[in-house]
Amino acid sequence: SVQLVESGGGSVQAGGSLRLSCTASGITFNRYCMAWFRQAPGKERELVARRDTKGNTGYSDSVKGRFTISKDNAKTTLYLQMDSLKPEDTAMYYCAADAPSGPWCFYRNIDFWGQGTQVTVSS
């Protein structure tokens, strides 16, 4: 079966850093576009970072310059490095895998989701 297993969430002070990890199994990892979403209570789910199968990356305006998405194909692991964290970054963070439709990924009808990991930023 397909699994996306996340780790690295937790509590941190404003200005601090966390690195989230998402280890995939049951899929051909390098054939999927990968992304990180987040959702805070009462808020819409937000696509915060994405990476296509060619290594192109993109970020939401709210995290651009502070977050970095990367992956290690040998370890079938996706990462989200989060620096200069702010209280408004507090949310559940979800790893997602999206099969390309032709040459593109749209990160809308996600094929597989991780379980979510909580990030809480204080101060």
Side-chain angles (χ1 to χ4, degrees):
S1 61
V2 175
Q3 285 191 304
L4 302 177
V5 180
E6 295 161 307
S7 62
S11 297
V12 65
Q13 297 181 50
S17 297
L18 286 172
R19 188 179 72 165
L20 306 183
S21 298
C22 169
T23 299
S25 61
I27 63 171
T28 304
F29 185 64
N30 63 359
R31 300 288 294 273
Y32 281 79
C33 299
M34 302 296 296
W36 290 96
F37 290 79
R38 68 185 182 188
Q39 188 166 27
K43 301 287 187 179
E44 295 295 314
R45 185 166 57 211
E46 178 187 16
L47 174 63
V48 299
R50 62 191 188 273
R51 185 195 188 280
D52 70 15
T53 58
K54 297 296 190 291
N56 301 302
T57 60
Y59 302 90
S60 68
D61 288 341
S62 61
V63 309
K64 192 173 297 181
R66 300 187 297 118
F67 290 12
T68 304
I69 188 171
S70 63
K71 70 172 183 173
D72 185 334
N73 284 328
K75 296 180 178 180
T76 67
T77 299
L78 180 76
Y79 302 99
L80 185 67
Q81 178 67 44
M82 304 184 293
D83 297 319
S84 301
L85 282 162
K86 303 174 180 180
E88 52 262 46
D89 296 317
T90 296
M92 286 289 294
Y93 283 72
Y94 299 90
C95 173
D98 188 23
S101 298
W104 310 112
C105 283
F106 296 98
Y107 309 96
R108 297 190 64 85
N109 293 308
I110 298 296
D111 292 287
F112 304 107
W113 291 95
Q115 78 283 1
T117 186
Q118 178 68 38
V119 171
T120 302
V121 184
S122 62
S123 294

[X] versus [Y], closest heavy-atom pair with distance:
{"X": "Ala40", "Y": "Ala91", "value": "N-CB, 3.9 Å"}
{"X": "Val2", "Y": "Gly26", "value": "CG2-O, 3.5 Å"}
{"X": "Ala99", "Y": "Cys105", "value": "C-SG, 4.2 Å"}
{"X": "Ala97", "Y": "Met34", "value": "CB-SD, 3.7 Å"}
{"X": "Ser123", "Y": "Pro87", "value": "C-CG, 3.6 Å"}

Can you tell me how far apart [atom1] ([X]) and [atom2] ([Y]) are? Round to the nearest 0.5 Å.
{"X": "Tyr59", "Y": "Arg66", "atom1": "OH", "atom2": "CZ", "value": "12.0 Å"}
{"X": "Leu80", "Y": "Lys71", "atom1": "CG", "atom2": "NZ", "value": "14.5 Å"}
{"X": "Ser60", "Y": "Arg50", "atom1": "OG", "atom2": "CZ", "value": "9.0 Å"}

| task | Mark yes when over 12 heavy atoms from residues, nucleotides or ligands other than Gln3 sit less than 6.0 Å from its CD; otherwise mark no. | result | no
message: Tell me if the CG atom of Asn73 is crowded by more than 12 foreign heavy atoms within 6.0 Å.
response: yes
Taking [Y]'s backbone N and O only, do any of them form a donor-acceptor pair with [X]'s side chain (distance below 3.5 Å, no angle check)?
{"X": "Asp52", "Y": "Gly55", "result": "yes"}
{"X": "Asp98", "Y": "Cys33", "result": "no"}
{"X": "Glu6", "Y": "Gln115", "result": "yes"}

If hydrophobic clusters are built from ILVMFWY residues whose side chains come within less than 4.5 Å, do Val48 and Tyr107 share one?
no
* In terms of hydrophobic clusters joined by side-chain contacts under 4.5 Å, are Phe112 and Tyr94 together? -> no
Checking Ile69, Leu4, Asp72, Leu20 against Leu78 for side-chain contact (heavy atoms from CB on, under 4.5 Å), the one that qualifies is Ile69
Taken in chain and number order and not counting sequence neighbours, the residues that satisfy salt bridge (Lys or Arg N to Asp or Glu O under 4.0 Å) with Lys75 are none
With sequence neighbours left out, the residues meeting salt bridge (Lys or Arg N to Asp or Glu O under 4.0 Å) with Arg45 are none
So the side-chain hydrogen bond (donor to acceptor under 3.5 Å, both in side chains) pairs with at least one residue in residues 14-25 (sequence neighbours excluded) are Ser17-Asp83, Thr23-Thr77
Quick note, side-chain hydrogen bond (donor to acceptor under 3.5 Å, both in side chains) partners involving residues 28-39, not counting sequence neighbours, are Arg38-Glu46, Arg38-Ser62, Arg38-Asp89, Arg38-Tyr93
In short, disulfide (SG to SG under 2.5 Å) pairs touching residues 47-101 with sequence neighbours left out are Cys22-Cys95
Q | Note, Ile110 side chain near Phe37 side chain (heavy atom, < 4.5 Å) | A | yes
With sequence neighbours left out, the residues meeting side-chain contact (heavy atoms from CB on, under 4.5 Å) with Val12 are Leu18, Leu85, Val121
